[in-house]
Amino acid sequence: MIILDVHEVSKNFGYGTVFENVSFSLNEGESISIVGENGCGKSTLLKMIAGLEKVEQGDIHIKKGIRVAYLNQIGSSIHDDRVVYEILKDSFADLVHKEKQLQQLQEALSYQENSADYEKIMTKYCRLLDTFIAEGGYEIDKNIRVVVDGLQIDPKLLTQKFTQLSGGEKTLVQLAKGLLLKPDLFLLDEPTNHLDIARIEWLETYIQNFKGATVIVSHDRYFLDKMSNKILHLCGTNSKVYTTNYSGFLIERQQEYEKQCLLYKNQQQVMQRLETQIKYFAERGMANNSSTLCDRAHALQTQLERLRKDAVEKPKLPQKLHVAFEEERKNSKQVIALENVTVCYNENVPVLRNVSLTICDKERVALLGNNGSGKSTLLKLIMGSLQAQIKGKVQIGPSVKIGYLPQVVTFANEDQDVLSCFQEEACVGEQTARAILAKFHFYKNDVHKKVKHLSGGEKMRLKLAQLLQSKINTLIFDEPTNHIDIATKEVLESALQNFQGTFLFVSHDRYFINAFAEKVVHLQEGELQTYLGNYDDYKRCIK
């Protein structure tokens, strides 16, 4: 049964076409992920499906009676003074209404003296009660607890006002509300933002068991692989649906590119051959005053012009930029050593308990753990920036030069523009600075934006660009792929693939972990457990 049908939908903001003639349909149990470069219209199309943005050209049809839930990536900006539990109960609005009706009928029964009227009200009450029970009216609290537990939302948050929550907590609440709606069509815009791996995997299990249809926009490639059986590649006038997951889409797109390259090459050869023949027959015809040869040249010219009119365009793939870190080659054999380290804040329960860890030269180590487990604390401990009670020994090798990327990126002078900020750190001229910044998607006038006006993702890109110019031999990254798109992730990954030093990182991006981790260190309840291999190897070990 078709739940969603999108037919030849186009979007134009007045300054040019964003996408054109986009068509796809979804049946029950199907999931489609929308991918494409930033600005291609992914979130816009999602809003059009949700009915939040006008469809000016084309048609979007959602089956009658379908419940739609929409998770907005900026849901954390929603203002609501109610406590979280009341917001979650909005998902059961119909049942809450029936509950109020039952209460009103109970009150009517309590003072009803006429037996005939009493029986009439009692009959209505019993019918409504049967419906209320059948639809799960007495399971509202239980259903809320299941989702709250699955998303590992602190139960204390249920009694807090929504406006008092952090951005990540607000996103979790909005996601929980959408899940509780039990929709037939779920629209998810960056659902894994602010989620740790445990929560992401719980969400994956939920969606995999979901009987409805799902439309997803995400930069989480591992998530896209697991969740999608269709990929919509938004690309202006050349959008296309692929019946596969994200990895399959990359393979198919590469095959299409190679096929188009071959077709383009063959067509160019045919046109060159025609040009040679036209020249030959035209010259011979003129030399011999032969109308037959001239007619032959004219016929071939007509054939060439027809071929040029329908010629295959030279194929293009998004250019992959190759960047590299400026490395300080010399490094200590033992880069980082923690020995029986305990960390406490204000004499409370230890965040780290008697932790020991050794990281050697050129090792690539992923530090995993749930949100709040102490991962960032451990990185700050190594960086020497932790304000806490510390027991034990922390040693950094004498020739170690660290490039650190914190989870929240800040700059010493955020009143500077991007260009000045980068030049001051990298000590390069304007032309070189602009060339490097362009690789991180700072083009033309973008370099004149004030640093304080940059988004979180833009600040991350600027910091990465600065780090690339630093002479370092050890990288310590705290959630490096948060808030950056796939294209920027690929730039970062290109640099890391050629990096010869030591790499310690915290990440919830399983695709990224698989690409770079040779060792996984899991932090839980203040203690460390080490596993050899990448994320998939780690998962096999703990099963």
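Throughout, residue positions are numbered sequentially from 1 according to the sequence presented. From a predicted model like this one, the values you see are computed outputs, not experimental measurements.
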query = Under 4.0 Å between a Lys/Arg side-chain N and an Asp/Glu carboxylate O for Asp154 and Lys156?
reply = no
query = Just wondering, more than 12 heavy atoms not from Lys230 lying within 6.0 Å of its NZ?
reply = yes
task = Look at the aromatic rings of Tyr538 and Tyr535 and report parallel, tilted or perpendicular, splitting at 30° and 60°.
result = tilted
ask   = If you round to the nearest 0.5 Å, how far is CE of Met460 from CG of Leu492?
value = 9.0 Å
task = Flag the pair Phe512 / Pro480 as yes when at least one side-chain heavy-atom distance between them is below 4.5 Å, and no otherwise.
result = yes
task = Measure the spacing between CD of Gln500 and CG of Asn498 and express it to the nearest 0.5 Å.
result = 7.5 Å
ask   = Between Asp196 (side chain) and Asn371 (backbone), is there a donor-acceptor pair under 3.5 Å?
value = yes
inquiry  = Counting only heavy atoms from other residues, nucleotides and ligands, does the tally under 6.0 Å from CD of Gln164 exceed 12?
reply    = yes
inquiry  = Can a donor-acceptor pair be found, under 3.5 Å and without considering hydrogens, that links the side chain of Glu425 to the backbone of Ala465?
reply    = no
task = Could you tell me whether a side-chain N or O of Asp225 sits under 3.5 Å from a main-chain N or O of Tyr246, the two making a donor and an acceptor?
result = yes
Side-chain heavy-atom pair Ile542, Lys539 within 4.5 angstrom cut-off = yes
request  = Would you check if there is a donor-acceptor pair between the side chains of Tyr404 and Ser385 at a distance under 3.5 Å?
outcome  = no
message = My understanding is that only residues two or more places apart in sequence, or in another chain, count here; which of them pass side-chain contact (heavy atoms from CB on, under 4.5 Å) with Lys226?
response = Glu204, Gln208, Tyr222, Arg510
key: Between CD1 on residue Ile207 and CD1 on residue Ile216, distance to nearest 0.5 Å   = 5.0 Å
query = Is it true that Asp415 and Lys452 have a side-chain N and a carboxylate O under 4.0 angstrom from each other?
reply = yes
note = To the nearest 0.5 Å, atom CG of Asn514 lies from atom CG of Asp536 at 4.0 Å
query = Do Asn370 and Ser373 meet the criterion of a side-chain donor-acceptor pair at a distance under 3.5 Å?
reply = no
message = Could you check whether any side-chain heavy atom of Leu468 comes within less than 4.5 Å of a side-chain heavy atom of Ile436, counting everything from C-beta outward?
response = no
Side-chain heavy atoms of Arg221 within contact of Asp509, under 4.5 Å = yes
ask   = Can you check whether Phe440's main-chain N or O pairs, donor with acceptor, with Arg461's side chain at less than 3.5 Å?
value = yes
inquiry  = Keeping Glu414 on the side-chain end and Phe411 on the backbone end, is there a donor-acceptor pair under 3.5 Å?
reply    = yes
task = Compute the ring centroids of Phe442 and Phe422, then answer whether they are less than 6.0 Å apart.
result = no
inquiry  = If you define the side chain from C-beta out and look only at heavy atoms, does anything of Leu405 sit under 4.5 Å from Phe505?
reply    = no
inquiry  = Using side-chain contact (heavy atoms from CB on, under 4.5 Å), reason through Val400 and Ile402 one step at a time and then give a plain yes or no.
reply    = CA-CA 6 Å; Val400 172; Ile402 296 175; 3.6 Å; yes
request  = For the residue pair Glu493 and Gln497, confirm or rule out a side-chain donor-acceptor distance under 3.5 Å.
outcome  = no
message = Any side-chain to backbone donor/acceptor pair from Thr502 onto Lys362? Under 3.5 Å, distance only.
response = yes
request  = Just say parallel, tilted or perpendicular for the rings of Tyr443 and His441, cut-offs at 30° and 60°.
outcome  = perpendicular
ask   = What pairs with Glu252 under side-chain contact (heavy atoms from CB on, under 4.5 Å), at least two apart in sequence or on another chain?
value = Tyr242, Thr244, Gln255
ask   = Hey, is NZ on Lys449 packed in by over 12 heavy atoms from elsewhere, all under 6.0 Å?
value = yes
inquiry  = Using side-chain contact (heavy atoms from CB on, under 4.5 Å), reason through Leu175 and Arg199 one step at a time and then give a plain yes or no.
reply    = CA-CA 11 Å; Leu175 178 56; Arg199 289 183 173 108; over 6 Å; no
request  = Find out whether Pro183 and Phe210 are in side-chain contact, i.e. whether some heavy atom of one side chain is under 4.5 Å from a heavy atom of the other.
outcome  = yes
key: Plane angle bin for Tyr206 and Trp202 - parallel if under 30°, tilted between 30 and 60°, otherwise perpendicular   = parallel
message = Rounded at 0.5 Å granularity, tell me how far CD in Glu30 sits from OG in Ser228.
response = 11.5 Å
message = Using only atom types and a distance under 3.5 Å, with no angle test, would you say the side chain of Arg82 pairs donor to acceptor with the backbone of Phe162?
response = no
message = Using modelled atom types and a 3.5 Å cut-off, is there a donor and acceptor pairing between side-chain atoms of Lys519 and backbone atoms of Thr530?
response = no
request  = Apply side-chain contact (heavy atoms from CB on, under 4.5 Å) to Val418 and Asp446, showing your working.
outcome  = CA-CA 8 Å; Val418 170; Asp446 291 345; over 6 Å; no
key: Side chain proximity check, Leu368 to Ile513, heavy atoms < 4.5 angstrom   = yes
key: Polar side-chain atom of Thr342 near backbone of Lys391 as donor-acceptor pair, under 3.5 Å   = no
query = Hey, is the main chain of Cys360 close enough, under 3.5 Å, to the side chain of Gln334 for a donor-acceptor pair?
reply = no
ask   = Does the pair Lys375/Glu479 count as a salt bridge with the N-to-O cut at 4.0 Å?
value = no
Rounded distance (nearest 0.5 Å) linking atom NZ of Lys439 with atom CG of Leu464 = 14.0 Å
message = One pair to check against side-chain contact (heavy atoms from CB on, under 4.5 Å): Ile336 and Leu504. What are the steps and the verdict?
response = CA-CA 10 Å; Ile336 299 165; Leu504 170 64; 4.3 Å; yes
query = Taking it one step at a time, do Glu256 and Gln260 satisfy side-chain hydrogen bond (donor to acceptor under 3.5 Å, both in side chains)?
reply = CA-CA 6 Å; Glu256 287 176 351; Gln260 194 175 7; over 6 Å; no
ask   = Should Arg540 and Asp537 count as an ion pair when the cut-off is N to O under 4.0 Å?
value = yes
